[in-house]
Structure formats: C-alpha cells, structure tokens
Amino acid sequence: MSDVVHTGGCQCGAIRFRLVGDAPDASICHCRMCQKAFGAYYAPLVAAGEAELTWTRGQLKYFHSSNHVRRGFCENCGTPMTYEAEDGIAISAGSFDEPGRLPPVVQFGAEGKIGFVDRLHELPERDTMDDIASAPFLDDIVSYQHPDHDTETWPPENNPKEDEQ
Ligand SMILES: [Zn+2]
Ligand SMILES: [Zn+2]
C-alpha cells in the first residue's frame, strides 16, 4: 500500500478526515438520490477503497436515504460528506483539501443525468471579482470557511485573518 495522503473536511471545519493509501477512485453520480443529497446537478464522490480513512475531527450526522445506504453530513454547516453502503464508503470530492488531485474516472447513475450537464463547458466564464460592480460587498469579504489544511484549533482564537485564504 502506498502512503499517499489526502486530507479534507467540511466547510466549517467541524469535520476533518485523513485518507492514507492507494487512492481511491473518483467518480460522479447523476442519480436522483445524489442530486438531492448534494443539492447539485450531480455528486462528485471518491471511493475510499483500500485506503485507510480516519476521521480526525468531529462526528458525522447521518441520513439513511434507503435501506442500504446512509449519507453523512456536517450538522453544523451542512456539507455533504459521505455515501456509505455495504460495499464501502465514498467521500464527497469537493470536501478534499485538493480535489484537483482526484480527477473522476467514471460516471454513475446515468439514467438520472440532466441533459444540459453535457454542455456546461460551453457556458461563458466569469471570475468572482468580475462581479464587483454588481456585488460591492465582495470588496471587504471575510471568509469563515475552514482553510484547505489541518489546523490545531478552529476557529482561530486570535487573528481570524491568518488562515482565511
Ligand atoms: Zn461543518
Ligand atoms: Zn448516486
């Protein structure tokens, strides 16, 4: 087994995890269950497979979406975290600190695929700060999102700006 390490967590930082070992297969699932669970057009998931998964902070809450599947989420901020069934556990890809390291290799639940998903790459693109004129509050925005790395304490006690990137 390799010692490749992936870390991640929910948006607020109450839940953190570490995944060590051969990774993991990333996928997206178009099924209607996953659309609802993620509030999204499809769900990006990373199957932990044989890698060793440790929850390093916090405890998930679960919704049993069927008799065979439960889905874990952060009860504090609502981030979808897991899909868990008899054949293993998968973690939401966007919750990884570096999701770009885990490109998806397959699509599941194709029967539920929303047609326009195949055309998303054709849409015009804008950066966040392109909208500063119509959303001037962006100018002094302060993020309360947990940073993309493990922290000793969260939220930071003294200087909240230190970790906000
Ligand atoms: Zn959270
Ligand atoms: Zn699904």
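Each ligand, and each atom within it, is numbered from 1 in the order the structure gives. Residue numbers count from 1 along this sequence. Computed over heavy atoms, backbone and side chain alike; hydrogens, waters and symmetry mates excluded.
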Check: Glu98/His6 side-chain N/O donor and acceptor closer than 3.5 Å: no
Side chains of Ser65 and Arg71, donor plus acceptor under 3.5 Å: yes
Near the Zn ion (ligand 2) (cut-off under 2.8 Å), count of protein N, O or S atoms: 3
OH/Tyr144: more than 12 non-hydrogen atoms of other groups inside 6.0 Å: no
Residues, nucleotides or ligands: over 12 heavy atoms within 6.0 Å of Tyr42 OH: no
Any Asp25 side-chain heavy atom under 4.5 Å of Val106 side chain: no
Side chain to side chain, Leu60 and Phe17, heavy atoms closer than 4.5 Å: no
Side chain Thr56, main chain Arg18, donor-acceptor under 3.5 Å: no
Shared hydrophobic cluster, Leu45 / Tyr41 (ILVMFWY, side-chain heavy atoms < 4.5 Å): no
Tally of protein N, O or S atoms, where distance to the Zn ion (ligand 1) is under 2.8 Å: 4
Carboxylate-amine/guanidinium contact Asp150 Arg57, below 4.0 Å: no
